[in-house]
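Read through the structure below, which is laid out as structure tokens, and then see the notes.
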Amino acid sequence: MPKRDLILLALDESHVLKLMERALRAVNYETAIAGDTKSLSRILQESSPALLLVGEQFSGHDGLDIVAELLERFPTLPFLIYTEKVRPELVSKIFKLGITGYLAPPLRTDDIVGTVEGMLKHAYRVGDWLRREVNRTTTSLKKRAKISENERSRLETIINSIHDNVMILDKDNHIILLNPAMCRSFGLNEKTSIGKVVSEVIDHPDLHAMLAGSRDNDPLHHYEISFPDGKVGSAQITDIPEIGYAVTMRDITYLKEGDRIRTEVVHTVSHDLRSPLTSVVGYTELISRAGSLNDDQREFLKRIQEGVEHITTLIDDLLDLGSIEAGLDTRREWVKMDGILRYSMEMLQGQIKSKHIKVETDISETLPSVRANPVRLRQLLDNVIGNAIKYSNSKGEVKISLQAEDDQVILQVTDNGPGIPAQDQAHIFDKFYRGKNMDKQEGSGLGLAIVKSIVDAHQGRIWVESIVGQGSSFFIVLPINSHPTK
Ligand code: ADP
């Protein structure tokens with residue numbers, strides 16, 4: 001039978017080498033001899049031997065070291081070690097390398113051929129097993145791929161039938177998946193959009209701002225996306241580990257419309273209430289002029305006037321808030337905030353004196369003018385400084401600072417009053433919100449809502465830093481050159 005397998009011999013020149021060569025050739029193996037490590041490497045590269053027989057010592061090197069190195073490059077090649085003397089530590093080293101065969105004197109032709117044949121058979125069996133394993137794994141992978149393909153199409157059907165807008169992006173903002181609702185909202189073609197970077201196919205400033213913003217995965221963090229046809233969406237961005245992000249958006253146009261109608265009703269009602277109230281104020285003033293009053297009557301009249309004054313302030317606040325929020329605040333002129341601050345302080349002098357508050361001001365000498373609505377800025381200062389005084393204890397301290405930085409003016413109002421609990425801080429700028437512990441002080445909860453809407457209308461920012469028992473600092477940053485929002 002023809003045996004054409006090539007056995008490579010890496011043995012130093014000796015009678016053993018000759019004996020091996022002869023024995024193998026006699027049973028039709030091809031043999032090749034490597035003279036040194038260099039030629040060993042070359043022969044391995046050029047021909048593919050079926051087995052490599054290495055001497056324990058070869059060309060001045062440790063044969064086991066050579067095998068260890070070659071195993072890295074040819075992991076499936078069967079190796080045989082030839083040693084002149086079998087020692088337990090050597091055998092354990094051979095086995096540790098994962099080699100199962102060695103030859104040692106006394107050598108007989110049969111032993112040599114028998115061992116080589118046994119090694120090759122084993123190698124073929126391992127080869128067969130390997131092929132079978134590869135086959136099995138591939139089939140199971142194919143099966144798995146089929147399952148995940150089914151899952152994918154199931155998921156796609158679900159996402160496609162959702163009314164909300166859904167878009168999945170990878171970490172670099174490439175679109176992986178889009179549902180029809182999303183395509184309709186942004187006028188996209190699903191087929192041509194998949195795989196593209198989102199900014200290439202969607203040209204919407206609100207969406208870009210959202211993608212550029214922080215992805216804090218706060219489930220309550222929604223972004224409003226406005227469309228030219230008046231539609232408004234509430235969008236959210238969620239992290240999907242190892243994939244990227246999911247952008248979901250829900251149409252909230254109907255909610256916005258409800259909000260608008262509510263605001264309009266409040267505005268109309270406040271407006272309609274204001275005129276009869278003006279008559280009430282007028283007539284109460286006339287009563288005292290119409291004739292003399294006794295003490296009780298004067299007291300009752302005073303109470304009526306205070307009550308009416310309170311309602312008038314509330315209605316004025318509501319009307320202000322309504323018109324600022326509706327974008328009607330379009331007056332802009334260059335104003336000096338330090339000048340407005342002076343008027344505000346004059347108005348608050350009575351309260352400052354009666355509560356013995358120490359007020360310190362720190363105003364930059366080079367404070368630039370800001371382009372703003374002076375009436376609204378006055379309202380802003382009255383409210384923030386008014387609160388600092390109102391909520392301070394008697395003999396409290398209030399510090400007011402006006403500084404310029406870059407193209408902005410920064411107002412800071414600090415008091416050493418009661419402070420604002422952390423859970424209240426997130427809500428104090430909401431309409432009608434009053435701190436839980438503030439019922440001793442009069443107020444409607446509209447002051448800071450008005451301040452916030454003024455700041456927003458001037459493209460500014462407002463925030464509070466406060467520690468209960470130590471005091472509060474309100475910060476307002478206004479751009480020097482703001483423009484009307486609408
Ligand atoms: P109002 O003063 O009419 O209650 P605001 O909108 O001006 O309404 O303020 C809302 C809430 O914020 C107040 O009820 C109070 O709890 C809190 N607050 C505002 N300013 C201060 C301050 N300087 N110190 C402590 N609490 C404050």
Side-chain angles (χ1 to χ4, degrees), residues 263 266 270 306-325 329 340-341 344-345 347-362 375-402 410-458 460-478:
T263 311
V266 171
S270 332
E306 278 170 5
V308 174
E309 209 173 290
H310 184 78
I311 303 173
T312 314
T313 317
L314 187 67
I315 289 176
D316 283 348
D317 281 354
L318 278 172
L319 285 171
D320 274 344
L321 203 56
S323 68
I324 301 166
E325 282 184 343
D329 170 35
I340 298 181
L341 175 66
S344 199
M345 296 303 288
M347 186 198 80
L348 293 164
Q349 257 335 294
Q351 293 175 50
I352 295 173
K353 286 228 168 78
S354 68
K355 285 184 87 174
H356 306 285
I357 307 274
K358 190 176 148 206
V359 180
E360 256 178 48
T361 52
D362 174 13
V375 178
R376 297 295 178 215
L377 284 195
R378 169 72 193 275
Q379 243 175 329
L380 180 153
L381 290 169
D382 286 354
N383 270 299
V384 180
I385 302 169
N387 274 349
I389 294 161
K390 178 166 86 174
Y391 292 111
S392 279
N393 303 319
S394 161
K395 297 204 178 107
E397 281 178 21
V398 171
K399 286 186 192 143
I400 303 162
S401 135
L402 266 174
I410 302 159
L411 165 73
Q412 183 180 349
V413 179
T414 303
D415 63 60
N416 62 353
I420 304 167
Q423 67 267 29
D424 280 347
Q425 288 180 21
H427 303 289
I428 55 171
F429 301 106
D430 294 347
K431 283 172 219 162
F432 299 112
Y433 190 88
R434 303 213 65 214
K436 304 276 175 289
N437 55 345
M438 294 306 166
D439 42 357
K440 282 174 257 109
Q441 295 293 345
E442 290 236 331
S444 62
L446 281 176
L448 287 180
I450 292 177
V451 171
K452 168 91 168 63
S453 64
I454 295 172
V455 171
D456 286 346
H458 286 80
R461 282 179 295 132
I462 178 166
W463 70 95
V464 66
E465 285 171 15
S466 180
I467 297 171
V468 172
Q470 291 188 19
S472 314
S473 273
F474 282 83
F475 295 85
I476 293 173
V477 178
L478 293 176

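Below, all heavy atoms of this structure are taken into account, side chains as well, without hydrogens, waters or symmetry copies. Whatever order the structure lists ligands and atoms in, that order sets their numbers, starting from 1.
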Under 4.0 Å from any heavy atom of Gly445, which atoms of ligand 1 are there? 1 (P), 3 (O), 4 (O), 6 (O), 8 (O)

Provide the closest heavy-atom pair for Lys355 versus Asn393 in the form atom of the first, atom of the second, distance. CE-C, 4.4 Å

Nearest heavy-atom pair of Ser392 and Ile357: which atoms, and what distance? CB-CD1, 3.7 Å

Candidates Phe429, Phe474, Tyr433; heavy atom nearest atom 10 (C) of ligand 1 found on Tyr433

Looking at Lys390, which atoms of ligand 1 are within less than 4.0 Å of one of its heavy atoms? 1 (P), 2 (O), 3 (O)

Is it the side chain (CB and beyond), the backbone, both or neither of Asp424 that lies under 4.0 Å from ligand 1, heavy atoms counted? neither

Would Ala388 count as a contact residue for ligand 1, given that I'm defining contact as a non-hydrogen atom of the residue lying under 4.0 Å from a ligand atom? yes

Counting from 1, what ligand 1 atoms have a heavy atom of Asp415 closer than 4.0 Å? 22 (C), 23 (N), 24 (N)

Quick check on side chain to side chain contact (heavy atoms under 4.5 Å, CB included): which of Ile450, Leu411, Ile340 does Leu380 satisfy it with? Leu411

Between Val413 and Ala388, which heavy-atom pair has the shortest distance, and what is it? CG1-CB, 3.9 Å

Ser444 versus Leu314, closest heavy-atom pair with distance: CB-CD1, 3.4 Å

Give the numbers and elements of all ligand 1 atoms closer than 4.0 Å to a heavy atom of Gly443. 3 (O)

Out of Val464, Ile420, Leu446, who is nearest to atom 25 (C) of ligand 1 when you count heavy atoms only? Ile420

With a cut-off of 4.0 Å, which atoms of ligand 1 are near a heavy atom of Ser444? 3 (O)

May I ask you to check if ligand 1 and Gly435 share an N or O to N or O distance below 3.5 Å? yes

Under a 4.0 Å N-O cut-off, is there an ion pair linking Lys452 with Asp430? no

Touching ligand 1 at all, Asn383? Heavy atoms, strictly under 4.0 Å? no

When you measure from the side chain of His458 to the backbone N and O of Ile454, does any donor-acceptor pair fall under 3.5 Å? yes

Could you pull out the closest heavy-atom pair between Ser466 and Ile420, with the gap in Å? OG-N, 2.7 Å

